[in-house]
Amino acid sequence: MTRQQPPGPPPPVPPAPPPPESGWQGGSWVAPKPIGPAPGVVYASAGTRLGAFIIDWVILGFALGAVFAGLGVLLVLGAAASGSAGSVVAVFALLPLLVLSVNGLQGAYYAVSWYRGGATPGMRILGIRVVRSVDGGPLTKQQAILRTVGYWVSGAVLYLGFLWILVDDRRQGWHDKIADTLVVEAR
């Protein structure tokens with residue numbers, strides 16, 4: 001004959017899940033809150049980002065200035081050697097191409113720097129880097145290119161896209177939002 005055990009306490013009931021932080025609540029839609037950075041990750045300050053931007057502009061200014069000064073000297077010497085006023089006019093006709101070249105070189109400088117190491121030289125000097133906002137990983141080629149295009153968009157409307165960094169919870173400018181990136185301190 002087997003002996004029956006008295007019934008034990010009932011199994012514990014798991015706690016009810018917390019109410020969702022987003023979705024329909026009380027008849028209105030509540031947008032999801034952005035997930036913060038991983039523990040130990042700190043968003044780069046606006047001042048540090050501005051400093052890195054200025055350093056990069058100085059680097060670009062010297063590099064592009066040297067290249068185009070050399071080209072300008074060659075063009076002027078060529079025009080003077082030919083003795084034709086038409087040559088000088090041809091130099092000025094090339095100005096739109098020159099402007100496009102400068103924008104293309106600047107874009108390449110930023111996109112390649114962000115894709116290859118997550119930071120431009122100015123960002124490295126000040127200890128910040130660009131990461132994917134989803135997982136903190138390195139940027140893809142597409143994100144680096146989108147972020148570069150986003151730079152032009154951020155500056156096109158009275159630099160409002162850059163000023164957005166001052167009011168955004170995650171310190172994202174329009175270019176960061178377009179490319180889905182964050183700028184964080186590189187520890």
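For the numbers below, each heavy atom of this structure counts, side chains included, while hydrogens, waters and symmetry mates do not.
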To the nearest 0.5 Å, atom OG1 of T181 lies from atom CZ of R170 at 9.5 Å
Worksheet entry | ILVMFWY cluster, L126 and I59 together (side-chain gap under 4.5 Å) | yes
Minimal heavy-atom distance between A44 and I128, with the atoms involved, is CB-CG2, 3.6 Å
Taking every heavy atom of R49 against every heavy atom of R147, the minimum-distance pair comes out as NH2-NH2, 3.4 Å
Grouping I, L, V, M, F, W and Y whenever their side-chain heavy atoms are under 4.5 Å apart, do F68 and V58 come out in a common cluster?
no
Distance col, row I55:CD1 vs I125:CD1, nearest 0.5 angstrom, shows 4.5 Å
* Asked: Under a 4.5 Å side-chain heavy-atom rule over Ile, Leu, Val, Met, Phe, Trp and Tyr, are L166 and L158 clustered together?
  -> no
Please confirm whether the backbone N or O of T140 pairs with a side-chain atom of Q143, one donor and one acceptor, at under 3.5 Å? yes
Exercise. Under 4.5 Å between any side-chain heavy atoms of S154 and L160, yes or no?
Worked result: no
Nearest heavy-atom contact between Y109 and S113 is O-OG, 2.7 Å
With sequence neighbours left out, the residues meeting salt bridge (Lys or Arg N to Asp or Glu O under 4.0 Å) with R132 are D135
Does V149 share a hydrophobic cluster with Y115, counting links as ILVMFWY side-chain heavy atoms below 4.5 Å and allowing steps through other members?
no
So OG of S101 and CG of L64: to nearest 0.5 Å the spacing works out to 10.0 Å
| message | Is there a continuous path of hydrophobic side-chain contacts, each under 4.5 Å between heavy atoms, that joins V157 to Y159? | response | no
**Heavy-atom check, side chain of Y43 versus side chain of V183, under 4.5 Å** = no
Between the CD atom in E185 and the OG1 atom in T48, the distance rounded to the nearest 0.5 Å is 6.5 Å
d(S45 OG, L50 CG) to nearest 0.5 Å is 9.5 Å
Self-check item: salt bridge (charged side-chain N to carboxylate O under 4.0 Å, His left out) evaluation trace for R171 with D176
Solution: CA-CA 9 Å; R171 297 193 184 136; D176 292 311; over 6 Å; no
Smallest heavy-atom separation, S133 atom then L182 atom, equals CB-CG, 3.6 Å
Closest non-hydrogen contact found for L146 with A179 is CB-CB, 4.0 Å
### Task
Show your working on side-chain contact (heavy atoms from CB on, under 4.5 Å) between D168 and K177 and close with a plain yes or no.
CA-CA 10 Å; D168 190 79; K177 292 188 180 296; 2.8 Å; yes
ring-ring contact (aromatic ring centres under 6.0 Å, His included) pairs touching residues 136-156, sequence neighbours excluded, are F53-Y151, Y110-Y151, W114-Y151, Y151-F162, Y151-H175
Tightest non-hydrogen contact, residues G173 and I165, listed as N-CG1, 3.5 Å
From the list T120, L139, V184, side chain to side chain contact (heavy atoms under 4.5 Å, CB included) partner of V130 resolves to L139
